[in-house]
Protein chains: 2
Amino acid sequence: MGKYHHGDVRNVLLQQAENILTKEGPSGLSLRRLARLTGVSEAAPYRHFDGKDGILAAVAIDALERFAERLENVAAQVENHQERVMALGAAYVHFAVDFPQHFRLIFGRERPPLDQYPELREAADNAFDVLQRAVTSVDRSANMTLNEAATAYNRALAAWSRAHGIAMLVIDGMIVPPADQNLDDFVLGLLAEDLTAPEHH
Amino acid sequence: MGKYHHGDVRNVLLQQAENILTKEGPSGLSLRRLARLTGVSEAAPYRHFDGKDGILAAVAIDALERFAERLENVAAQVENHQERVMALGAAYVHFAVDFPQHFRLIFGRERPPLDQYPELREAADNAFDVLQRAVTSVDRSANMTLNEAATAYNRALAAWSRAHGIAMLVIDGMIVPPADQNLDDFVLGLLAEDLTAPEHH
DNA sequence: CCTATAATGTTAACAAAGTTAACATAAGAA
DNA sequence: TTCTTATGTTAACTTTGTTAACATTATAGG
């Protein structure tokens with residue numbers, strides 16, 4: 001009689017890893033605990049994943065796909081090109097606030113090395129592509145010349161950086177969004193600030 | 001005869017912790033290894049620090065002080081108010097690239113909780129204050145009304161976020177600065193991008 | 001100067017983690 | 001059926017954070 005656990009242990013492990021990550025973050029995700037909670041031997045995960053990094057990579061890819069999906073949904077709902085870029089920035093931060101542990105896993109120090117997990121790099125690039133396409137469409141709508149469009153990539157990087165910086169500082173507790181204001185509005189305000197010209201409003 | 005290690009073990013431990021951090025990052029900083037490298041018993045650090053978080057906090061405070069110092073130096077060297085904000089952003093990123101491990105320790109997940117180490121929070125606030133003062137001086141030079149100046153804090157947050165986002169994405173390998181360009185110039189370019197108005201140059 | 005007490009060391013032990021080796025069983029192809 | 005591979009298991013090894021129990025030094029008060 002099979003005292004062995006069978007079935008798709010891999011998927012069960014992944015799902016359980018998701019649960020642990022959400023509740024306790026990447027540091028709380030211990031292979032042994034994961035195995036115990038899943039009801040499987042402590043060495044079983046090594047049959048399905050390339051050690052701890054392997055599991056982290058799998059979870060990170062999953063998270064990145066949902067992240068990109070969410071960004072695409074937002075992008076599809078906003079008609080105006082410039083508003084779309086802003087909305088994406090807000091959605092970016094919103095995701096980080098909703099799923100700080102996933103966000104940290106995706107971009108933080110415990111993310112497995114990108115060059116060791118090509119699918120991970122690909123998933124990350126996909127998310128950035130959504131932002132880049134939005135920025136490019138702004139540039140096109142402004143009838144930019146080809147020469148000017150060459151900087152479109154830089155403009156996308158700038159948009160990405162702003163959203164990323166806000167997201168990081170917020171989930172790390174360095175920036176505390178005002179309690180009496182909608183998070184998205186707060187973020188949109190920060191994204192719209194122009195540092196070189198203080199005569200706004 | 002004193003087979004016991006004596007002298008200011010605390011300082012030696014701190015210095016050694018600095019070395020390890022620089023070479024291997026916060027994860028490589030193990031208390032036992034630190035003690036061994038310092039030539040002291042494996043439990044000795046607990047006499048001088050409040051466990052691992054205690055040491056991390058001490059190192060982080062040190063790093064933050066040098067970070068703030070560097071920012072202040074840059075701020076003092078630039079006359080023009082607006083250029084000063086930009087230069088600070090570039091210096092912010094430059095520090096992150098020069099000392100990625102320190103930067104990660106300061107802002108990342110393994111930083112001990114701010115509310116548990118008041119001196120740590122103070123050191124972090126100091127660094128941000130440099131940015132905030134620079135932004136405020138731009139606003140003042142533009143003859144802002146008091147009402148408008150109320151948003152100065154938000155403008156400082158925006159400046160901070162941009163620099164922070166670029167720094168994070170660069171040291172995490174998501175943004176790769178062009179090899180044929182000066183790092184500061186690249187950063188200044190990103191900081192100056194205005195997302196809502198593509199008609200530049 | 002002597003002695004009680006606090007500060008600073010030490011060694012030894014504990015539990016938890018990542019990982020691997022050695023072995024056991026199930027499933028499928030030949 | 002039988003050989004091979006995939007998938008489990010248990011047991012061990014190393015490292016880490018932490019604490020307890022004990023040893024030594026420094027220092028303050030008499």
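Just so you know, these numbers use all the heavy atoms, side chains as well, and skip hydrogens, waters and symmetry mates. The chains referred to below are lettered A, B, ... by the order of the sequence lines, with proteins before strands, and numbering in each begins at 1.
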Legend entry - Atom pair distance, as rounded to whole Å: CG in B:D8 and P in C:dG9: 10 Å

Legend entry - Residue B:A43, side-chain heavy atoms: nucleotide from D:dG17, D:dA12, D:dA20 that is nearest: D:dA20

Inset, instruction - Go through the structure and list residues passing salt bridge (charged side-chain N to carboxylate O under 4.0 Å, His left out) with B:E24, not counting sequence neighbours. - result: B:R33

Legend entry - Distance test, side-chain N/O of A:S30 to OP1/OP2 of C:dA16, below 4.0 Å: no

Inset, instruction - Answer with base, sugar-phosphate or nothing: what part of the nucleic acid does A:S41 contact at a heavy-atom distance below 4.0 Å? - result: base

Legend entry - Near-ring test A:H164/A:F107, centroid separation under 6.0 angstrom: yes

Legend entry - Value in whole Å for how far the C1' atom of D:dT7 lies from OH of A:Y46: 16 Å

Inset, instruction - State which residue, out of B:I106, B:D53, B:L56, B:L120, fulfils the side-chain contact (heavy atoms from CB on, under 4.5 Å) condition with B:R111. - result: B:L120

Legend entry - Nearest-Å distance for atom pair CG/C1', residues A:D50 and C:dT19: 12 Å

Inset, instruction - Ignoring the backbone of B:L31, work out which of D:dG17, C:dA21, D:dT16 is nearest its side chain. - result: D:dG17

Inset, instruction - Let me know the distance between CZ of A:R10 and P of D:dA6, rounded to the nearest Å. - result: 15 Å

Legend entry - Nucleotide nearest B:R36 (side chain, heavy atoms from C-beta), chosen from D:dT16, C:dT10, C:dG18: D:dT16

Legend entry - Rounded interatomic separation in angstrom, taking CD from B:E24 and P from D:dT16: 10 Å

Inset, instruction - Compare side-chain N and O positions of B:H48 against OP1 and OP2 of C:dG9 and report whether any pair is under 4.0 Å apart. - result: yes

Legend entry - d(CZ, A:R33; P, C:dA15) in whole Å: 18 Å

Inset, instruction - Apply ring pair (Phe, Tyr, Trp, His ring centres under 6.0 Å) to the pair A:Y92 and A:F67, showing each step before the final yes or no. - result: CA-CA 8 Å; A:Y92 192 104; A:F67 182 36; 5.1 Å; yes

Would you list the atom pairs, donor with acceptor, under 3.5 Å between side chains in residues 173-182 of chain B and any protein atom, with sequence neighbours excluded?
residue	atom	partner	partner atom	Å
B:N182	OD1	B:D184	N	2.8
B:N182	OD1	B:D185	N	3.1

Inset, instruction - To the nearest Å, give me how far apart CD (B:E42) and C1' (C:dT10) are. - result: 11 Å

Inset, instruction - Using whole Å, report how far NZ of A:K52 lies from P of D:dT15. - result: 18 Å

